[in-house]
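For reference, the structure discussed in these notes is given below.
As the structure is a computational prediction, the values presented were derived from the model and not from experiment. Remember, it's 1-based here, ligands and their atoms both numbered in the order they're listed.
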Amino acid sequence: MPFAPLWPQSRPLVGKLHVHSESRCPLPGGRGVSVGPILSSSASDIFCDNENGPNFLFHNRGDGTFVDAAAGAGGFPASLPVERSGQDEAHAPLLLFTGPWQGVDDPHQHGRGVALADFNRDGKVDIVYGNWNGPHRLYLQMSAHGKVRFRDIASPKFSMPSPVRTVIAADFDNDQELEIFFNNFAHRSSSANRLFRIIRREHGDPLIEELNPGDALEPEGRGTGGVVTDFDGDGMLDLILSHGESMAQPLSVFRGNQGFSNNWLRVVPRTRFGAFARGAKVVLYTKKSGAHLRIIDGGSGYLCEMEPVAHFGLGKDEASSVAVTWPDGKMASRNVASTEMNSVLEIPYPRDEDRLRDLAPLECGQGFSQQENGHCMDTNECIQFPFVCPRDKPVCVNTYGSYRCRTNKRCSRGYEPNEDGTACVAQVAFLGLGLCLQLYAL
Ligand SMILES: [Ca+2]
Ligand SMILES: [Ca+2]
Ligand SMILES: [Ca+2]
Ligand SMILES: [Ca+2]
């Protein structure tokens, strides 16, 4: 008897989005995917790292269509038609890439695990991923003249090729600084796992320090997947690694050895139906260390997915308030009491009547203040305190959570002072399809 569908008339719950390249661009093999507001303020963008072809960075245009923004210098343009099937909407027009982003297409490497995080705590989402036996990438998201580009800050040790599978970004010792764990696959020879701490600096790129992974070194491990979660509820992240594919190996579970006295907070945003709110953005404002950002990532890792919890390590600092932004743009903020430190906070999806109750003053902490919309935002010290900078460095530059002062260096046309005003740097030029050049004149 032929199989009769049980739902002959009903509209399908899920419609397929066809995202395919023009015929001249062969389809690469998808390996890693990460979903969250990477470029958008709330809507979910999609980063895919691929093998045998360029990576994708699909920017959500907010109307059901995406544009691939991954191509940059050295890559070929990825102009993609985006269309829906199973629905009545006309096909979206061909979306031509105009090149405001740089460098995450990485067309000659073979991506594996990927994770989203804000490593330099500037409020912009950064991307880390591993390439199979190729250089691993740590891309900071930068803004230049209102446009966005990515800059790889991976050190030689960090980028050293390995047969990598899962990549995890998490604060294993709750000291505020994120660690990155590479789960390697002992392919044809030993290949130990690796652990790095990304140490945020006030006015500079983060420092990358290699750490001893201890028992998680597993030089003969055939690691395939890995996740962190807090199994025993002690506020310290635990690591579970799976192995196999070409040889049976048991699961491994590890617990942290350091940082037991540090403060922590775990935040669980929910959808309106009570499910985990994947794609949500969680910002924790603190008393001393500014804003910390986490994405409830719908994806990441490799052959696995991270827990839908925003885990914050705070060292000796304490949270002052928390803000959650859902993918549909809804936002909720609330204070965090001292008595709530070292616990799990559930954040429900806001109902409309919650808005009235949200008018209570928020504790935004150092560098941030409550704005007219009721939420914490960066304080613009340069406007609020016009004489904040000393005479020898009179130019005030506002930054996320702080500000800096630089010398009043004059530059020729087409150039501008660098961050500390010690040299002139060519203004970023965007040429042709995705080609972005930055020239230095010292
Ligand atoms: Ca960042
Ligand atoms: Ca840490
Ligand atoms: Ca634990
Ligand atoms: Ca500021």
Side-chain angles (χ1 to χ4, degrees), residues 34 36-39 41 45 47 101 104 115-128 137-144 148-154 169-174 176-178 180 198-206 208 216 227-240 253-266 281 283 285 289-295 307 309 311-313 342-344 364-371 376-386 388-389 395-406 419:
S34 229
I38 304 169
L39 304 170
S41 58
D45 307 308
F47 177 76
W101 298 283
V104 294
L116 304 177
D118 179 11
F119 294 103
N120 55 350
R121 297 218 296 270
D122 65 350
K124 300 185 188 77
V125 176
D126 311 312
I127 301 172
V128 59
R137 309 293 192 188
L138 179 47
Y139 281 111
L140 291 189
Q141 184 175 164
M142 318 291 292
S143 291
V148 178
R149 64 196 172 98
F150 285 87
R151 189 160 55 84
D152 185 9
I153 64 157
D171 188 355
F172 286 95
D173 55 357
N174 286 338
Q176 299 185 4
E177 312 293 359
L178 286 164
I180 294 174
I198 314 301
I199 304 166
R200 188 241 184 199
R201 290 191 293 178
E202 178 73 23
H203 296 308
D205 289 344
I208 302 175
V227 291
V228 285
T229 189
D230 182 9
F231 283 119
D232 53 0
D234 67 349
M236 298 284 293
L237 286 174
D238 310 302
L239 171 69
I240 181 166
V253 182
F254 304 93
R255 59 191 311 176
N257 264 341
Q258 299 174 23
F260 292 101
S261 63
N262 287 332
N263 285 331
W264 55 273
L265 197 68
R266 287 166 64 76
K281 177 167 72 178
V283 179
Y285 297 92
S289 59
H292 301 243
L293 184 156
R294 299 284 187 272
I295 302 294
E307 62 168 358
V309 177
H311 179 101
F312 297 93
N342 307 321
S343 72
V344 181
C364 298
Q366 179 95 28
F368 296 85
S369 47
Q370 191 170 13
Q371 306 293 310
C376 293
M377 296 183 75
D378 168 59
T379 301
N380 189 329
E381 292 85 354
C382 304
I383 292 176
Q384 201 159 337
F385 312 107
V388 70
C389 287
V395 179
C396 180
V397 180
N398 185 47
T399 62
Y400 185 75
S402 184
Y403 67 98
R404 66 173 183 270
C405 302
R406 65 167 170 80
E419 287 201 345

- Item | Among the N, O or S atoms of Asp230, the one nearest the Ca ion (ligand 3) | OD1
- Report the name of the N/O/S atom of Asp122 located nearest to the Ca ion (ligand 1). OD1
- Is it true that some N/O/S atom of Ser402, main chain or side chain, lies under 3.0 Å from the Ca ion (ligand 4)? yes
- Message: With respect to the Ca ion (ligand 1), please indicate if Gln141 possesses an N, O or S atom at a distance under 3.0 Å.
- Response: no
- Query: Under 6.0 Å from the CD atom of Gln384, do we count more than 12 heavy atoms belonging to anything else shown?
  - Reply: yes
- Task: Please indicate whether Glu307 has more than 12 foreign heavy atoms, meaning atoms of other residues, nucleotides or ligands, lying under 6.0 Å from its CD.
- Result: yes
- Query: Does any non-hydrogen side-chain atom of Leu237 lie less than 4.5 Å from one of Arg266?
  - Reply: yes
- Item | N, O or S atom within Asp378 nearest to the Ca ion (ligand 4), by name | OD1
- Which N/O/S atom belongs to Asp234 and is the closest one to the Ca ion (ligand 3)? OD1
- Task: Determine which of the N, O or S atoms in Asp232 is closest to the Ca ion (ligand 3) and give its atom name.
- Result: OD1
- Any side-chain heavy-atom pair of His311 and Asn174 under 4.5 Å: yes
- Name of whichever N/O/S atom of Asp126 is nearest to the Ca ion (ligand 1): OD2
- Message: So which atom in Leu239 and which in Ala216 form the shortest heavy-atom distance, rounded to 0.1 Å?
- Response: CD2-CB, 4.2 Å
- Is it true that some N/O/S atom of Thr399, main chain or side chain, lies under 3.0 Å from the Ca ion (ligand 4)? yes
- Query: Is there a side-chain contact between Val228 and Phe172 (heavy atoms, below 4.5 Å)?
  - Reply: yes
- Query: Is the distance between the Ca ion (ligand 4) and the nearest N/O/S atom of Thr379 smaller than 3.0 Å?
  - Reply: yes
- Task: Just give me the atom name: the N, O or S atom of Asp118 closest to the Ca ion (ligand 1).
- Result: OD1
- Message: So that I can confirm a possible disulfide, could you see if the SG-SG distance for Cys389 and Cys396 falls below 2.5 Å?
- Response: no
- For Cys376, does its backbone N or O pair with a side-chain atom of Tyr285 as donor and acceptor, under 3.5 Å? yes
- Task: Among Thr379, Asn380, Asp378, find the residue that satisfies the side-chain hydrogen bond (donor to acceptor under 3.5 Å, both in side chains) test when tested with Ser369.
- Result: Thr379
- Note on the structure: For the Ca ion (ligand 3), the nearest N/O/S atom on Asp238 is atom OD2
- Item | Short N/O/S contact of Gly123 with the Ca ion (ligand 1) (below 3.0 Å) | no
- Message: Which atom name would you report as the N, O or S atom of Glu381 nearest the Ca ion (ligand 4)?
- Response: OE1
